[in-house]
Amino acid sequence: MQNLLQNLNPEQLAAVTLPPQSALILAGAGSGKTRVLTTRIAWLIQTGQVSPAGIMAVTFTNKAAKEMLTRLSAMLPVNTRGMWIGTFHGLCNRLLRTHYKDAALPQAFQILDSQDQLSMIKRLLKANNVDDEKYPAKDLMYFINNAKDQGLRAHQVEAYEPITRKFVELYELYDQQCQKEGVVDFAELLLRAYELLSRNAPLRQHYQMRFRHILVDEFQDTNDLQYNLLKLLAGQGEQGGGAIFAVGDDDQSIYAFRGANVGNMMKFEQDFRVQNLIKLEQNYRSHGHILDSANYLIANNSQRLGKNLRTDAGQGEQVRVYEASKDLEEAQWIIEETKSLMADGVPRSEIAVLYRSNAQSRVIEHALFAAGMPYTVYGGLRYFQRAEVKHAIAYLQLMDNPHNDSAFLRVVNFPTRGIGVRSIEQLQMAADAYGISLYAAVPYMTGKAGTSLGAFVKLIEGMRMETQQLALPELVRVVLERSTLLAHYQTEKEGADRIENLEQMVNAATQFVQEEGFGQNAPAHLGPQAQAQAGQPVVSGDGLEIIDADAALATVMSPLAAFLAHASLEAGDAQAQAGQDALQLMTVHSAKGLEFDAVFITGLEEGLFPHESSSREDNGVDEERRLMYVAITRARRRLYMSFTQQRMLHGQTRFNMKSRFFNELPEESLKWLSPRVQQGNWFSNRKATTAWDDADFRSGGTDNQIARQITQKSGGGSGWRIGESVAHAKFGEGVIVNIEGGAGAARAQINFGAAGMKVLDLSVAKLERVAR
DNA sequence: AGTCTCCCCGTTTTT
DNA sequence: CGGGGAGACT
């Protein structure tokens, strides 16, 4: 045990060894959060305070759950299977599979991903003749998910306007349709689990007694439903509840837009009468100037729990700030700096380029490609989201639950088998008339449509029969062949990658069967009862039939059903990382939780970062500031920040002011690489020794063309140029966006940021040039 | 049935 | 500017 606690700092040690009561750990960036979390679990078990089965640890991503599991098994010689470690959705899935009857779900219920959900909603709108101009499918989806995230069913949503009332009505219809098809969306997994536990007292008490310790990662990201679910599980307000060990950082709350409620941290403190609040402020990642910048910036937010990061690593280098003339030049500068970093021995993969929105990557990618610099863009299509993989999955879904209409529609005519839109329309009508699924409605079809649809049903039935005794990987193989998906892509010219992805699915199935503890040769269709008889332990507790969670999935689900759930809940990796030694490009959001030796934060301009739409939301800029805080704290040794005078966005050139965040950073920690451009004619100063002037000059042709355009547009002798920073007595600092009219009568359109866009007469307005 | 074209849209993302 | 989706055309 000494080993376990060795090398923990005093705060970490205190957190790990807290008494068995609910506690809030305020874990700063790079403060060893995961270490505390896993060591806490190991310590609890090793000191005999709890058995592995008494542990529940919840995360938001599969990656985090996996990480925890890996670290834990390195620490403890205990079988981690007994513990409930996973994502909110994964654990709810497990709960609902075990108690599907009590949750009023079919045993083979399937999980809709966002894509499926949207297409289902579109179908619903069409079926009910709803004007999708007035009630866009996306808005309805947002409405439904939002309501569910707050724990509200359709009848519980307050609706005062006609639009909302219609949404509520459609929400109800949507839920009915899901129930009919035997499918649940992501939010439904949580809501069902919540409702199951809140209605079923014996079951609730069983789990309350079982889970003595519930550990929650990234607590600041919980939404209301997740919070209430935790509260229920911990038995708050009932006897015998367990303790919640909540770890989070309110300063890194950046997911309000998807329902996360930072307020849950404060609420938790009160609801659970938290005695122990521990702050982990010792940072093991970044040098001093970087941390100073982060601390200084985030101090501009109000309503914080309060925290200041510190380091023993010394001040290190200042943050390097660069002003580019335009977006492409910003990208070129990044390349130059990257080369110099690499010359200093920084591996390329240890350098990250961050941006606020995905659209910004294009210009950077373009420049990187032209320069022959290897790079990887994070995000993009994940494995199980790719069209061909989704098609294969749809066949598998139909074999396990033919009433899944989304799956049915996806592949009923793919590869094409002469089933056109008219046939589908007829089928849909029959299904609606009898209130049954499309699949079930097929026998009611007559004529040509009936024949071709009947053949499709026969195909699915045939595949099911044929694979009855096969293990999952073989079953997948058969389905790929029999569905003619493989043959289809073989005739396609760009089909090679798709075929590879499909072949990959057999491997994925093999790996899945192994990792989930299904027998290597267990028939993929084998039902849970047969599984149980095959020797899986089933224990009962408290007079309830509670299935031992040690083998929960293998006990309650067939390998096929489990694999399908896995495909929905874990979308898999994005495209193969193109070369290990590549520059890392990603949004600030996806950078959360990662760290790099050197980090570029790009596009630090008003309107972009902070993003313009954030000013319209309550506390929107505070959230942007937290996002900036996350970005800064990704860097270990060197941090760059850049902004440009001119940027192309949505086919339009924009002139933005530099981000307000620059005013919120400690001047002594910044090193301005591009000397402030002095007033006067911008182009006559081109030979000045400013970094961007030099770079601009070197890059030749294109720049000169742009320079010419700008000269033409520069208000012909008004003395001002577009893109220039100015100050006005009343409106403050701004940027000239456009100049109209000739000398003497020129008027300038000026973006004053917070004060808005103004058109001023240049002969009247008193403007001053601003050195940036 | 498959291809073409036009129109719309544009912050962030996991499950 | 560029991608995706819906609808029209061949």
Side-chain angles (χ1 to χ4, degrees), chain A residues 58-65 86-93 111-119 122 126 132-133 136-138 142 145 148-149 184-191 193 217-218 221-223 225-226 253-260 327 354-363 365-366 378-382 384-385 387 413-423 488 491-492 565-572 574 586-593 603 607-617 620 623-624 626-628 630-631 647-654:
Chain A
V58 202
T59 63
F60 280 86
T61 65
N62 292 297
K63 196 178 156 204
T87 63
F88 274 103
H89 294 84
L91 297 182
C92 287
N93 178 49
I111 303 164
L112 296 179
D113 66 18
S114 324
Q115 240 178 71
D116 300 332
Q117 189 189 17
L118 184 63
S119 72
K122 283 182 180 167
K126 211 170 260 174
D132 58 358
E133 295 268 293
K138 278 220 178 88
Y142 175 82
N145 290 339
K148 289 190 179 182
D149 283 347
V184 299
D185 59 51
F186 287 129
E188 183 74 21
L189 279 174
L190 303 192
L191 185 50
D217 191 20
E218 307 278 17
D221 288 339
T222 52
N223 64 31
L225 180 54
Q226 287 158 343
S253 163
I254 57 173
Y255 285 114
F257 71 92
R258 65 176 200 211
D327 45 13
L354 311 185
Y355 34 80
R356 173 68 235 272
S357 69
N358 288 303
Q360 286 165 254
S361 78
R362 180 166 301 129
V363 177
E365 286 186 68
H366 182 80
Y378 271 57
L381 264 200
R382 320 270 292 276
F384 283 110
Q385 326 232 59
N413 197 34
F414 192 94
T416 51
R417 43 178 75 86
I419 298 171
V421 274
R422 283 174 307 112
S423 307
H488 171 82
T491 63
E492 230 180 38
H566 166 80
S568 299
L569 291 176
E570 191 164 358
M586 66 194 83
T587 62
V588 181
H589 278 93
S590 18
K592 191 175 164 217
L608 219 82
F609 200 180
H611 197 274
E612 52 201 354
S613 46
S614 71
S615 56
R616 272 174 254 133
E617 292 149 24
E623 174 123 339
E624 296 287 305
R626 291 192 289 267
L627 197 50
M628 181 66 182
V630 167
R647 176 182 301 279
M648 184 76 108
L649 196 67
H650 306 320
Q652 269 190 322
T653 304
R654 299 167 44 129

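Each chain gets a letter, A, B and so on, in the order its sequence line appears, and its residues count up from 1.
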Task: Close side-chain approach of A/L354 to A/M586, heavy-atom, < 4.5 Å - done: yes
Open item on the list: What's the closest nucleotide to the side chain of A/H89 if the choices are B/dT15, B/dT11, C/dA6?
Closed with: B/dT15
- [ ] Using a 4.0 Å heavy-atom cut-off across all strands, classify A/Y255 as base, sugar-phosphate, or nothing.
- [x] sugar-phosphate
Open item on the list: Can you identify which nucleotide, out of B/dG10, B/dT13, B/dT11, has its nearest atom closest to the A/H650 side chain?
Closed with: B/dG10
- [ ] Classify the nucleic acid contact of A/T416 as base, sugar-phosphate or nothing, counting any heavy atom under 4.0 Å across all strands shown.
- [x] sugar-phosphate
Open item on the list: Taking the minimum atom-to-atom distance to the side chain of A/K122, which one of B/dT15, C/dA6, B/dT13 wins?
Closed with: C/dA6
Task: Donor on one side chain, acceptor on other, A/H611 and A/S613, under 3.5 Å - done: yes
Task: Geometric class of the A/Y255/A/H589 ring pair [parallel <30°, tilted 30-60°, perpendicular >60°] - done: tilted
- [ ] Side chain of A/E624 only, please: which of B/dT11, B/dT15, B/dT14 is the nearest?
- [x] B/dT11
Open item on the list: Considering every strand and a 4.0 Å limit on heavy-atom distances, what is the contact class for A/N62: base, sugar-phosphate, or nothing?
Closed with: sugar-phosphate
- [ ] Would you classify A/D221 as touching base, sugar-phosphate or nothing, given that sugar-phosphate means primed atoms plus P, OP1 and OP2, and contacts are heavy atoms under 4.0 Å?
- [x] nothing
- [ ] Using the P atom as the reference point in each nucleotide, state the distance between B/dT13 and C/dG4 in Å, no decimals.
- [x] 16 Å
- [ ] Would you indicate what A/K592 reaches in the nucleic acid, counting non-hydrogen atoms under 4.0 angstrom: base, sugar-phosphate, or nothing?
- [x] nothing
Open item on the list: Need one value for A/S590: base, sugar-phosphate or nothing, where a base atom within 4.0 Å counts as base even if backbone is also close, heavy atoms only.
Closed with: sugar-phosphate
Open item on the list: If only side-chain N and O atoms count, and only distance matters, is there a donor-acceptor pair under 3.5 Å linking A/Q360 with A/S357?
Closed with: yes
